[in-house]
Number of protein chains: 2
Amino acid sequence: MLTIGKLGQQAGVKVPTIRYYEQIGLLPEAERSAGNQRLYSRKSLERLAFIRHARDLGFTLEAIRDLLSLSDRPDQSCAAADAIAKAQLAEVESRLARLTALKAELERMVLQCAGGRIADCRVIEVLGDHSLCATDHSHPEPELSS
Amino acid sequence: MLTIGKLGQQAGVKVPTIRYYEQIGLLPEAERSAGNQRLYSRKSLERLAFIRHARDLGFTLEAIRDLLSLSDRPDQSCAAADAIAKAQLAEVESRLARLTALKAELERMVLQCAGGRIADCRVIEVLGDHSLCATDHSHPEPELSS
DNA sequence: CTTGAAGCTATAGTTGCTAGAGACATTAGG
DNA sequence: CCTAATGTCTCTAGCAACTATAGCTTCAAG
């Protein structure tokens, strides 16, 4: 049996995050030692590693909740799991497209900055005047900053 | 003078968002009408459009706060503005790299799914076993889902 | 046996908004 | 001029997915 600290280390997840996952029901309530400390089995480690891996791939906790409940029923069709993964792929692709457009615009902005006074700064100028943007004058959806 | 609704329309920003920006000090406290409603000038519209545009490009509100205070002092060097924009560009580039890796892995996962039972599902399997990932066995930093 | 690390609970903070309640202001129509 | 509809006001709470803090208890090493 592993303490929460060891579990966190092995799965690459911080301790408070594990407790958080338990709190929101993504992990079952852990067994407790005589002194009320959480104890985890190898199975818990697998489950947590699954979650970690899915998070790394950008799945939301909701999607992971679904994937986990699917994986608990190994005899059913995998169409649902496939659909979740495909949706995630589509999401990633759309974010890639938006980020690529952003990158182009930021590059133009930075390249044009001659390094003089603020009054002549292209960065400030472009931000202040949308019409100085790339030809199509439309913007991608806002991309959340991490 | 514009009411908050008109201002929002013209800048493409929702009304509560404008009030929120005022609350956190990104916009100055607005003038008020006799009936206590906010009134905005053309200058406010420019400032809000600046914010909106920078948000579209993924700048954080903190970065925007800095850019705005720079733009208020037009005679100083634009090095700071340039640095902020370059940092944002670097951030976008790193996110692009991570997303590209993510996309590759998701694609592999989805392509390998034969559509049978959960027990045979590549999606579930790959999520559960990190070692089935791409050759380098390392993952990009977690990419926050939008 | 003592000390320091690791664990416990509970609460609040983060970012950038968005949604709701309940009250007041303004404007268009009759 | 009155009314109804819309717009605005403040305040509070909620979202994702954690992270941090405070104040306590338990555990393992020396």
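Since the model is a prediction, treat every value here as computed from it, not as a measurement. Chain naming here is simple, since letters A, B, ... match the order of the sequence lines and numbering starts at 1 in each.
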Undergrad: For A:Ser69 and A:Arg65, test the side chains for any donor-to-acceptor distance below 3.5 angstrom and give the result as yes or no.
TA: no
Undergrad: Run the salt-bridge test on B:Arg98 and A:Asp56 with the 4.0 Å N-O cut-off and return the result as yes or no.
TA: no
Undergrad: Answer yes if B:Ile118 and B:Leu111 sit in the same cluster of Ile, Leu, Val, Met, Phe, Trp and Tyr residues linked by side chain heavy atoms under 4.5 Å apart, and no otherwise.
TA: no
Undergrad: When the distance from CZ of A:Arg52 to P of D:dA17 is rounded to whole Å, what number comes out?
TA: 15 Å
Undergrad: Check the phosphate of D:dA17 against A:Thr17, side-chain N and O only, distance under 4.0 Å to OP1 or OP2. Yes or no?
TA: no
Undergrad: Send over the distance from A:Glu29 CD to C:dC8 P, rounded to a whole Å.
TA: 13 Å
Undergrad: Find the distance A:Ile51:CD1 to D:dA17:P and express it as a whole number of Å.
TA: 12 Å
Undergrad: Among C:dC17, C:dG7, D:dA17, which is the nearest nucleotide to the side chain of A:Leu61?
TA: D:dA17
Undergrad: Could you give the CD-to-P distance, from B:Glu62 to C:dT15, as a whole number of Å?
TA: 7 Å
Undergrad: Side chain of B:Lys14, heavy atoms from C-beta onward: which of D:dT19, D:dT26, C:dT18 has the nearest atom to it?
TA: C:dT18
Undergrad: With nearest nucleotide decided by heavy atoms, which residue, A:Asn36 or A:Pro16, maps closer to the 5′ end of DNA chain D?
TA: A:Pro16
Undergrad: For C:dT9, take OP1 and OP2 only and decide whether either is under 4.0 Å from a side-chain N or O of A:Arg32.
TA: yes
Undergrad: Return the value, rounded to whole Å, for the distance between atom CG of B:Leu48 and atom P of C:dG16.
TA: 16 Å
Undergrad: B:Tyr21 side chain N/O closer than 4.0 Å to the phosphate oxygens (OP1, OP2) of C:dG16?
TA: no
Undergrad: Can you check the B:Tyr20 OH to D:dT12 P distance for me, whole Å?
TA: 17 Å
Undergrad: Mind checking the CG-CG spacing from A:Leu96 to B:Leu102? Nearest 0.5 Å is all I need.
TA: 8.5 Å
Undergrad: Can you tell me how far P of C:dT15 sits from CD1 of B:Ile64, to the nearest Å?
TA: 13 Å
Undergrad: OP1 or OP2 of C:dT26 sitting under 4.0 Å from any side-chain N/O of B:Ser33?
TA: yes
Undergrad: Is B:Arg38 touching bases, backbone alone, or none of the nucleic acid, heavy atoms closer than 4.0 Å?
TA: sugar-phosphate
Undergrad: Could you state the atom-to-atom distance from CD of B:Gln9 to P of D:dT8 in whole Å?
TA: 9 Å
Undergrad: Mind running side chain to side chain contact (heavy atoms under 4.5 Å, CB included) on A:Met109 and B:Leu89 for me, showing each step along the way?
TA: CA-CA 10 Å; A:Met109 218 164 84; B:Leu89 178 56; over 6 Å; no
Undergrad: Please determine if a side-chain N or O atom of B:Arg19 lies less than 4.0 Å away from the OP1 or OP2 oxygen of C:dT18.
TA: no
Undergrad: Does A:Thr3 make a side-chain N or O approach to OP1 or OP2 of C:dG7 shorter than 4.0 Å?
TA: yes
